[in-house]
Amino acid sequence: MGGWILFWKIVLIGTLAAYFVLAIVVTIGGFYNIRDFLKDLMNPEPED
Amino acid sequence: MEDVFSTNFGTVDWIIVIVYLAFIFIMGIVFKKYVKGLGDFIVAGRNLRLFLAIATLTGTELGLVTVMYNAELGFRGGFSAFHIGIIEAGCIAAIGVTGFIVYKLRESKVMTIPEFYGKRFGIKVRWVGGVILALSGILNMGLFLQAGSRFMIGITGVGIGSDVTKIVMSVMLIMVLIYTAMGGMVSVVILDYIQFVVLSIGMGILTFFTIKAVSWESLFSLEALKTHGSGWFNPLEQPEFGITYIIWMFLVSLSAGVLWQAVTMRVLASKSPKVAQHMFKLFTITGLARRIVPMLWGIGAFIFILNAPYLAGAFFPEAGEAVNSQFGFPIFIAKIVPSGLIGIIAAGMLAAFMSTHDSYLLSWSSVLTQDIISPLFKKGLSDKTRITVTRAGIFVIGIYLLIWGLWYEAPTSLWSYFAITGTIYFSGAFPVVVGGLYWKKASRTGAMASLLCGLFSLLGLIDWSTTEQFNWVSEKHIALITFVICAVVMVGGSLLFPDKENKIENKLTEA
């Protein structure tokens with residue numbers, strides 16, 4: 001039982017840490033992506 | 001019963017919720033002006049860059065319903081439920097590293113999976129595939145409104161014995177219908193980004209209060225072993241899970257990871273095949289978090305309720321009807337999060353509810369238009385007509401949700417209902433898409449047979465425990481058998497009935 005408990009603790013802490021770092025990166029990066037996204041929609045490139 | 005549903009949700013929280021939802025609605029309408037054609041409406045002009053793709057995918061896949069069913073899994077199954085998240089993350093990571101299916105799919109420039117069937121196997125397969133996909137997806141959505149209603153009742157304390165909650169959820173659904181019909185995928189993407197940011201903040205707040213309320217040590221204490229045995233930590237010994245369930249979860253995760261329409265739409269909306277592939281690598285983390293974090297809240301809710309006699313008596317009575325386990329999570333947060341912050345949580349969750357609905361409404365409506373209705377016309381439909389039909393489809397599906405979602409009661413847990421209705425589609429579609437992309441001998445007969453055999457999983461919606469001879473059968477057995485049958489008929493049908501010409505069809509109604 002101790003093995004399972006330790007494993008789930010590692011999974012939980014690792015997930016929380018990784019998610020919140022990624023959330024910050026995606027929030028900032030996503031903001032700039034939206035700007036470019038809307039520009040592209042107004043000036044579409046021809047399809048390949 | 002009144003004490004069970006007491007809450008910290010007050011007037012301030014209602015104001016926060018109303019202001020935020022109004023803001024979301026207005027933003028959804030504003031972006032209509034960026035929709036210039038069908039490509040913009042359905043796949044956002046194929047302009048999604050990496051971070052926005054991640055945000056919108058997470059915003060859709062981390063909806064209120066996702067939170068509710070994962071919290072319920074944690075509440076009922078404890079840490080054993082984490083195995084579902086790990087399997088799913090592993091599958092998503094493998095897809096991201098290898099580009100399995102997603103890379104070739106993005107290269108093909110189709111807008112839906114059935115469109116791919118049409119290109120590869122012909123129009124009849126496309127049509128049947130479209131019907132099955134729409135059936136699966138629309139059935140799957142059937143319980144979204146119910147889960148949302150239970151969240152509202154649990155967190156606000158309003159709605160017990162009245163129709164207030166149903167009215168509120170219906171109003172929200174109507175708002176979603178309007179902005180999705182107007183702005184299509186462009187509105188969906190922008191609002192998903194906003195939801196992602198708000199949800200992430202909400203997740204941080206909730207996790208903090210969960211650990212504060214029950215303590216880190218209590219979460220991992222052996223207290224739950226008294227009620228659940230070692231299955232609380234070991235998924236192989238958890239009666240609801242076990243090895244059959246774990247294999248089913250692997251098959252569902254792998255097939256859903258590449259074929260679930262809401263995910264596929266983001267793949268197809270990505271700026272390039274490489275962006276699509278990288279999106280999956282990063283989605284591994286958000287995909288894992290969307291499972292594990294709500295499960296943690298469910299576990300916290302269980303521990304909290306177990307240690308409060310008036311709550312334990314309501315959820316685990318010795319006699320009489322128990323409060324539904326779906327209420328565990330919202331009732332828990334209603335009691336542990338202070339007013340003000342609970343309004344932000346509720347706003348985030350309700351916005352997540354809307355963001356899931358907008359994506360799925362657009363997904364299934366697009367399939368109805370592109371793959372079921374349009375192929376019936378010899379000359380096809382113009383882009384303008386397709387947009388109109390898609391918008392009409394959004395409203396028709398919305399009406400179904402209002403009727404079905406508020407009175408149908410699932411005979412099983414929320415997640416099992418979603419997994420089995422999804423299996424109707426995944427089980428047949430997975431061999432067809434894998435065969436279509438990677439096996440030259442895959443034939444239309446094999447594809448048709450595989451898709452139709454997926455309907456076998458409808459038997460998983462029946463409660464077999466009430467029968468004498470088959471009371472050992474459950475949805476996990478039906479699902480697993482269906483996956484096997486579909487793979488066998490795909491291979492067997494293709495070998496026994498090869499196509500006369502083995503090249504991509506060009507004489508179809510144009511997509």
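Just so it is clear, the values below take in all heavy atoms, side chains as well, and ignore hydrogens, waters and symmetry mates.
- Closest non-hydrogen pair, B/T286 versus A/L22, comes out as CG2-CD2, 3.5 Å.
- In terms of non-hydrogen atom pairs under 4.5 Å with chain B, the most contact-rich of A/V11, A/V25, A/I28, A/D36 is A/D36.
- Interface residue B/F82: backbone and side-chain heavy atoms are both found under 4.5 Å from chain A.
- Interface remark: A/L16 contributes side-chain atoms only to the contact with chain B (heavy atom separation under 4.5 Å).
- Contact of B/L282 with chain A is made through backbone and side chain together, with heavy-atom distances under 4.5 Å.
- With chain A as the partner, the residue from B/A89, B/G85, B/P235, B/S80 showing the most heavy-atom pairs under 4.5 Å is B/P235.
- Contacts between B/M203 and chain A at a heavy-atom distance below 4.5 Å involve backbone atoms as well as side-chain atoms.
- In terms of heavy-atom proximity, B/A289 sits nearest to A/T15 at CA-CG2, 3.6 Å.
- Atom OG1 in A/T27 sits 7.5 Å away from atom CD1 in B/I201 (nearest 0.5 Å).
- From B/I190, atom CD1 reaches atom CD1 of A/I34 across 4.5 Å, with rounding to the nearest 0.5 Å.
- For B/R291, the salt bridge (Lys or Arg N to Asp or Glu O under 4.0 Å) partners are B/E88, not counting sequence neighbours.
- Here salt bridge (charged side-chain N to carboxylate O under 4.0 Å, His left out) pairs that include residues 203-218 of chain B, with residues two or more places apart or in two chains, number zero.
- With a 4.5 Å cut-off on non-hydrogen atoms, B/L296 touches chain A through its side chain but not through its backbone.
- Of the residues considered (A/Y19, A/W8, A/F20, A/Y32), A/W8 shows the highest number of contacts with chain B, using heavy-atom pairs under 4.5 Å.
- Per-residue counts of heavy-atom pairs under 4.5 Å with chain A were compared for B/N234, B/L288, B/V197, B/I292; the largest is that of B/N234.
- Between B/F51 and A/N33, the closest heavy-atom pair is N-OD1, 2.9 Å.
- Once rounded to the nearest 0.5 Å, the distance linking CG of B/L52 with CZ of A/R35 reads 13.0 Å.
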